Amino acid sequence: MRDYKMCAGCGRGLSAKGVGRQDKQLNTYDWLADVPGNAESTDLVEVQFKNTRKGYYHNVNNLDLQKGDTVAVEANPGHDIGVVTLTGKLVKLQIKKANLKSADDIKRIYRIAKPVDMEKYNEAKSREHDTMIQSRQIAKSLGLQMKIGDVEYQGDGNKAIFYYIADERVDFRKLIKVLAETFHVRIEMKQIGARQEAGRIGGTGPCGRELCCATWMKNFSSVSTNAARIQDISLNPQKLAGMCAKLKCCLNYEVDDYLEASRKLPPKDIVLVTQDAEYHLFKTDILAGLCTYSTDKNLGANMETITAKRAKEIIAMNKKGEKPLSLLEDDRVKEVKKPVDLLADADVSRFDKAKKKKKKKSKKAPNAKKAQAAPAPQDPKK
């Protein structure tokens, strides 16, 4: 089923063919989709399977394949079912990223999936969860220190890939024999890390969006606490850790911007000297280029916020032996705000007057009721 309607009438200049999201992860926007002859420039096609597994295949039968088509591809043994996620020239760039050096790694596309293929595929997928639960019990009974995080059946049901996590090396030769006897399929074991497991399971991050590793991130780079220090983020393990219990990958996203902006800031250990006092750097707003100085080295006292440019000007003046009147621009003196005395013009006794009025009203009220209730005097002549 082709996915063109998602961006129909889109006014953002995006190609409907290139931007199709489908329900797959790691979707790549094909910005060459509308270029004439792009699809015919190469027979290489990118096909995606469950979660983050991708493969590259030759379209030897010259099928009219477009993004979103479900195809049957060559596997070992049998065939597998996947979704076309990219065609044309960009596939060659994706192959370079995947480091596929051998041409033998690129197999063939057989055909567009038929209803019979989809029936086998759906039947195989329906067994994945039960297989995962049962395989975990088998691994536990064998005393193996490993966790099976996911199971993926091949499209024809002849093979199953078991994704597992283990801190140490695991001898799972006996496990493979037991799994093959139990499920009657060919077994393949793949070790993944905590980040890959989070990408396969998916979820929502603290930012409110779907996890990066479950949507577009394929290659994971190392993350250190130094990235948090550069961005002035508090080293709180609970806030720095992601769903995988590792440091968040997004800590690396803005490090380069912070490094570039921090070069424009004055050194942290230099003291600014004015005619009145000495100021120590208290905190900085790196991206805004603002520095807050305090007269106390350890506490926030008489704090002044100035630009990094002004701080460098004062440093240059101090090196010449000059002292500005203040840290502010043009040696302006900060206006001292006078404390406001709330009781200066207030009449405190007004509360007592209000109480006295209430008491007088409460005394008059019963007499008025008696006057209304008393009958009028009658004339004796009548």
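None of the values given here were measured: they were computed from a predicted structure.
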Could you pull out all donor-acceptor pairs under 3.5 Å where a side-chain atom in residues 230-247 meets a protein atom, sequence neighbours excluded?
residue	atom	partner	partner atom	Å
Q231	NE2	A227	O	3.0
Q231	NE2	L251	O	2.7
D232	OD2	T284	OG1	3.4
N236	OD1	Q238	N	3.2

Residues in side-chain hydrogen bond (donor to acceptor under 3.5 Å, both in side chains) contact with D156, at least two apart in sequence or another chain: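 For D156 the side-chain hydrogen bond (donor to acceptor under 3.5 Å, both in side chains) partners, ignoring immediate neighbours, are Q154, N158.
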side-chain hydrogen bond (donor to acceptor under 3.5 Å, both in side chains) partners for K120, two or more places apart: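 Expected list: none.
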Side chains of [X] and [Y] in contact at under 4.5 Å (non-hydrogen atoms):
{"X": "I81", "Y": "D117", "value": "yes"}
{"X": "L179", "Y": "S135", "value": "yes"}
{"X": "R53", "Y": "Q48", "value": "no"}
{"X": "T182", "Y": "Q134", "value": "yes"}
{"X": "L44", "Y": "N59", "value": "no"}
{"X": "Y279", "Y": "S294", "value": "no"}
{"X": "V73", "Y": "F49", "value": "yes"}

Examine distances only and state if a side-chain atom of [X] and a backbone atom of [Y] form a donor-acceptor pair shorter than 3.5 Å.
{"X": "E119", "Y": "V116", "result": "no"}
{"X": "R310", "Y": "L328", "result": "yes"}
{"X": "D130", "Y": "R127", "result": "no"}
{"X": "T295", "Y": "A301", "result": "yes"}
{"X": "N302", "Y": "A277", "result": "no"}
{"X": "D80", "Y": "G155", "result": "yes"}
{"X": "D69", "Y": "L65", "result": "no"}

Atom pair [atom1]/[atom2] of [X] and [Y] - distance to nearest 0.5 Å:
{"X": "K268", "Y": "C291", "atom1": "NZ", "atom2": "SG", "value": "10.5 Å"}
{"X": "R111", "Y": "N61", "atom1": "CZ", "atom2": "CG", "value": "10.0 Å"}
{"X": "I314", "Y": "I270", "atom1": "CD1", "atom2": "CD1", "value": "12.0 Å"}
{"X": "D150", "Y": "Q196", "atom1": "CG", "atom2": "CD", "value": "13.0 Å"}
{"X": "L272", "Y": "E304", "atom1": "CG", "atom2": "CD", "value": "11.0 Å"}
{"X": "E322", "Y": "Q275", "atom1": "CD", "atom2": "CD", "value": "10.5 Å"}

Scan side-chain atoms only and decide if [X] and [Y] contain a donor-acceptor pair under the 3.5 Å cut-off.
{"X": "T305", "Y": "T292", "value": "yes"}
{"X": "T215", "Y": "E210", "value": "no"}
{"X": "T70", "Y": "Y121", "value": "no"}

Linking I/L/V/M/F/W/Y whenever any side-chain heavy atoms sit under 4.5 Å apart, do [X] and [Y] land together?
{"X": "Y56", "Y": "L93", "result": "yes"}
{"X": "M132", "Y": "L175", "result": "yes"}
{"X": "Y110", "Y": "I112", "result": "no"}
{"X": "V151", "Y": "L144", "result": "yes"}
{"X": "I306", "Y": "V273", "result": "no"}

Is K50 salt-bridged to E152, cutoff N-O under 4.0 Å?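 Salt bridge absent between K50 and E152.
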Test: D43 and R108 ion pair at under 4.0 Å: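 A salt bridge is absent here (no side-chain N lies under 4.0 Å from a carboxylate O).
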With sequence neighbours excluded, residues passing ring-ring contact (aromatic ring centres under 6.0 Å, His included) with F183: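 If we apply the ring-ring contact (aromatic ring centres under 6.0 Å, His included) test to F183, skipping adjacent residues, there are no hits.
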Compare every heavy atom of V223 with every heavy atom of N252, then report the nearest pair and how far apart it is.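 Minimum heavy-atom contact is ND2-CG2, 3.5 Å.
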Are F172 and Y164 close enough that their ring centres sit under 6.0 Å apart?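 Close enough - the centres of the two rings lie under 6.0 Å apart.
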Only counting residues at least two apart or in another chain, list the ones meeting salt bridge (charged side-chain N to carboxylate O under 4.0 Å, His left out) with D171.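 Here the qualifying residues are R173.
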Could you pull out all residues at least two apart from K159 that satisfy salt bridge (charged side-chain N to carboxylate O under 4.0 Å, His left out)?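 Per chain and number, K159 pairs via salt bridge (charged side-chain N to carboxylate O under 4.0 Å, His left out) with E188.
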Would you indicate whether Q191, at its atom CD, is surrounded by more than 12 heavy atoms from other residues, nucleotides or ligands within a distance under 6.0 Å?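 It does: Q191 CD has more than 12 such atoms within range.
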Heavy-atom count check: over 12 atoms from other residues, nucleotides or ligands less than 6.0 Å from K125 NZ?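 Count over threshold, so yes.
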